[in-house]
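Side-chain atoms are counted along with the backbone in the values below, which use heavy atoms only and exclude waters and symmetry mates. Fair warning: this is a prediction, and the values are worked out from it, not measured in the lab.
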Amino acid sequence: MSVLWDRTSDFCYSVVGGVIVLTLGPVAGVVLMVLWLWRCLALLLVILRHRCWVTAASGMEALFALDSEAARAVISAAVILRGEVKVATVSKLVSERILEARDASGRYTHPKFRRVVEKRFGVVVWMEEENFDVSRHVRELRETGRPRVLVDEADLVEVTGKRTNLPFVRGQARWEVLVAPLTSYHGGNVDYTGSYTVVLVRLHHSLGDGRSIVGVIMAALAEPPLVRPLPSPLARHHLGGRLARAGRLVWAISNLPWVVARVLRRGDHSALHGPRLEGHKVLAWSVPLPLTALKAGRPLAGVSVNDLLLAGLAQALHRYLQSVNGEAPTRVMTVLPIDVTAPWDTLSLGNRISLCSLPLPTGDVAPLHRLWLVHKLLNEVKGSPDVLVNYLALDLISNLLPAPIARRVLNTHGVTMVASNLPGPPETIHLFGETVEELMFWIPNKSRTGVGVSMLSYQGQVHLGINVDTALVPTQKQAKHLIDYAAVYTAQILLEAMKHKQEKQDRNEEENFTLHEGMVVPEIKTHRPNECEDTSHEDLHPAGIEHYGYYYSEDQLLLCQGELEMAVDKHYKRAHSDTNLQLCHMGTGQGRFALSDINIPLLYK
C-alpha cells in the first residue's frame, strides 16, 4: 500500500511539474534565446580582440572555471614511486604519450593540456597557450629556489596542502607535474632499502573530472594500461533503449520545479559550514582499509563499498561536530559527483558529472541504522530526476549566463561537503618505469563549501583523503584525526553488520540479512589497548574457512577473511602517537585498528 501511495504521489508531482514547465516554457525559451545570441556576440568580440580562434567552454567546464581565490577548483594528487625518477624521464613520457598524441586525422588527442581557460567579455573560453613549453608544466619541486627533498609522508602531505590552492601562472594551461625525492616511506616493503620518488600532480577541474583525468593519464602512462575506471556512484539515466531514455528525460524535465525547490531549501549551519573560507588548506589521508573486506557488505547486507565509506564518514562527522559544538546536526548536506557518461562513450577529458545533494545522516543513531539511511538515500539520489535536471541546469546556467551572474547563481549555499569515490587500479602498476607504491588524490573546495573528501582504492586497499579550509578545521592534526576516525568507523559498521547476521544465524532465523528501518543493534564490546598487539588466536580460526565470518572472545571482535587482495610481502607498521591510532601489518599478514576506547582488529588469515 505504501509503495502504491508513493508511486501515485510521484505521478501527481510529475504532472503538476509538467504543467508548470509548459506554462513557463515560452518565457524561458525567449530568455534562453536572448542569452544564446549574447553569448555568440561575446565570442565574436573575443575572436576580434585577440585575433585568434577560441573555443567556448562547455557548461560544466565553465562551472569549475568560475572559482574563487579562497576555493580554487584544483585537483591534487600524489604518486609515490619506488626508485629514483628524473624530471627528464617524466617530461619525456608525458610529452610523447599525452601532449604529442594525435588521432587518425592528425589532431591532438588531448588539446586541453595546451590550452588556457579564461573569462573574456563575460564568457569562459579555451585559448591556445602562447609558445607552449612542457618544461613550464613538468619540473622539479623547488622551494626558495632550491630543490625540495621530502622527508616522509607527513612532509609530503604538508607540502601538497600548501600548494593545493595556489594560482597557476597567468596565460599558461592550468596543470603542473612536480617531481621530488622522498627520503622514507613507511608504507613500503620493509625489504626494500632503496630510494623513493614523489610525483605531485595539480590539475584544474575545468580540464576534466577525476574519472576522465585518471583514465586518460593511466591509459597513456601506466604499465599495464589501466582499464576504463568505473565511477561511483553511477547514474541510471542512460540504461535501456532510446524510448526509455527519452521517457526519463521527459520525466526529469517535468520534475524541474521540485528539484529547484529542493536546492533552494537546503541549508547547513555548523562548525564545518558558515565561516568565510580563508583560502589556506590542510590535507590528510587515512589509514588503509582492505577493499575485499569492504566488498563483503554486498553479500552481507546488500550495501556497496560506497555506502559503507559514507556511513563511516557520517559517524566521524557526528563525533567531530559533537566535540566542537556540543551536539551534531541531524544531517550534513553533501554534494556527490554522479557520472552521467554513457557506457558507449569514448574515454576523453571532460566533466560529464552531475552534482547532486545527499543529506548525510550525522545525528545520534545506531551504526546499522546510519548505514541503512545512507544506502536508502544514495539509491534515491541515483534514481531521482535530480541527476539529469542538475546536469542540464548547471550546463545551461554556466554556458549562457554572464560570468559574474553565473558565479552568484552557482554559489554552493547550504552545502557543507563534497565527497567523491574513484576506484583505482586493483593490481600493482608502474609509472615512468618504476613501481607505484601509493596513490592518493584530493578534490577541491567549491565556493562556500570548504570540505572535500575523496576515496581511492589501489592494490586492494582504500584510502580516504580530506581537503579542508583552515577556517573550518584549523590544523592538519585535527583533519588527520577526523579522516582516520572515518576509516575506523567504516570498519566498525561492517563488523556490526557481521555480528547482527551471525546472531540471526545463531537463532536459526532467516539467513539472508538486509538492512531495514528501525533495527536495534547491540554495541560492540571493546577494550583499551596501549599498543598494537599480536592478534593471533588459533582457537578463533577454524581450519578451512572459505567465507567472511565473525568470531569473538570475551574482549575482542575479529573480522576474518580467507583470501585478501593484498600482496603477501607488504608488511609495514604505521603509528600515530598523537591520536593513539595504530594500524599494524605484520609478517603473518595480521593487522588491527586500535583507537582509544575503540578496538577493532582486522585479521587477515
Side-chain angles (χ1 to χ4, degrees), residues 230-236 286 288-318 331-332 334 336-339 356 358-363 365-384 387 419-423 426 453-457 460-464 485-505 509-524 547-550 557 559-561 564-565 593 600 602:
L230 296 176
S232 180
L234 177 67
R236 301 168 180 168
S286 73
L289 288 167
L291 179 59
T292 309
L294 295 178
K295 287 182 177 179
R298 178 69 68 185
L300 178 69
V303 296
S304 66
V305 173
N306 207 35
D307 296 335
L308 285 165
L309 292 173
L310 287 175
L313 177 60
Q315 181 68 31
L317 290 172
H318 168 78
R331 68 171 193 178
V332 163
T334 303
L336 299 178
I338 298 182
D339 195 275
C356 295
L358 176 78
L360 200 64
T362 54
V365 297
L368 283 190
H369 184 61
R370 193 185 309 278
L371 178 59
W372 176 84
L373 287 172
V374 170
H375 175 72
K376 175 177 176 290
L377 292 169
L378 194 55
N379 276 341
E380 289 176 354
V381 168
K382 288 187 288 185
S384 72
V387 177
S420 178
N421 185 2
L422 182 65
V453 174
S454 53
M455 310 161 200
L456 179 68
S457 62
Q461 296 187 42
V462 179
H463 281 284
L464 288 82
Y485 264 106
V488 169
Y489 284 136
T490 299
Q492 184 188 34
I493 291 171
L494 179 60
L495 292 173
E496 291 269 17
M498 302 182 85
K499 179 177 181 180
H500 188 80
K501 180 177 180 179
Q502 185 67 36
E503 289 177 345
K504 289 176 70 69
Q505 292 176 345
E509 295 183 9
E510 181 69 28
E511 183 173 345
N512 294 327
F513 161 59
T514 55
L515 297 171
H516 58 84
E517 186 174 8
M519 61 168 39
V520 178
V521 183
E523 295 294 328
I524 296 180
H547 60 280
Y548 294 96
Y550 115 87
L557 182 62
L559 172 63
C560 304
Q561 179 190 343
L564 183 66
E565 297 172 3
F593 281 110
I600 305 176
L602 296 179

Look only at the side chain of Arg370 and the backbone of Gly363, and say whether a donor-acceptor pair between them is shorter than 3.5 Å.
yes
Heavy-atom pair of closest approach, residues [X] and [Y]:
X: Ala314; Y: Pro361; answer: CB-O, 3.2 Å
X: Leu371; Y: Asp307; answer: CD1-O, 3.7 Å
X: Ser457; Y: Leu291; answer: CB-CD2, 4.2 Å
X: Ile493; Y: Pro367; answer: CG1-CB, 3.9 Å
X: Ala491; Y: Leu289; answer: CB-CD2, 4.2 Å
X: Pro359; Y: Leu377; answer: O-CD1, 3.3 Å

Rounded to the nearest 0.5 Å, what separation is found between the [atom1] atom of [X] and the [atom2] atom of [Y]?
X: Met455; Y: Leu464; atom1: CE; atom2: CG; value: 5.5 Å
X: Leu373; Y: Leu368; atom1: CG; atom2: CG; value: 11.0 Å
X: Ser454; Y: His463; atom1: OG; atom2: NE2; value: 11.0 Å
X: Glu496; Y: Tyr489; atom1: CD; atom2: OH; value: 11.5 Å
X: Gln315; Y: Leu360; atom1: CD; atom2: CG; value: 11.0 Å

Please assess Thr334 against Leu313 for the test side chain to side chain contact (heavy atoms under 4.5 Å, CB included), listing each intermediate value before the final yes or no.
CA-CA 11 Å; Thr334 303; Leu313 177 60; over 6 Å; no
For Leu456, give me all partners under side chain to side chain contact (heavy atoms under 4.5 Å, CB included), at least two apart in sequence or on another chain.
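Counting only residues at least two positions away or on another chain, Leu456 forms a side chain to side chain contact (heavy atoms under 4.5 Å, CB included) with Leu422, Leu439, Phe441.
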Step-by-step side chain to side chain contact (heavy atoms under 4.5 Å, CB included) determination, Leu294 to Leu309:
CA-CA 9 Å; Leu294 295 178; Leu309 292 173; 4.1 Å; yes
Using the rule given for ring-ring contact (aromatic ring centres under 6.0 Å, His included), can you reason through Trp372 versus His369, listing the C-alpha separation, both sets of side-chain angles and the distance that settles it, and then say yes or no?
CA-CA 5 Å; Trp372 176 84; His369 184 61; 5.7 Å; yes
Is there a side chain to side chain contact (heavy atoms under 4.5 Å, CB included) between Leu310 and Leu358 once you walk through the steps?
CA-CA 11 Å; Leu310 287 175; Leu358 176 78; 4.3 Å; yes
Any side-chain heavy-atom pair from Pro290 and Thr292 closer than 4.5 angstrom?
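No, side chains not in contact.
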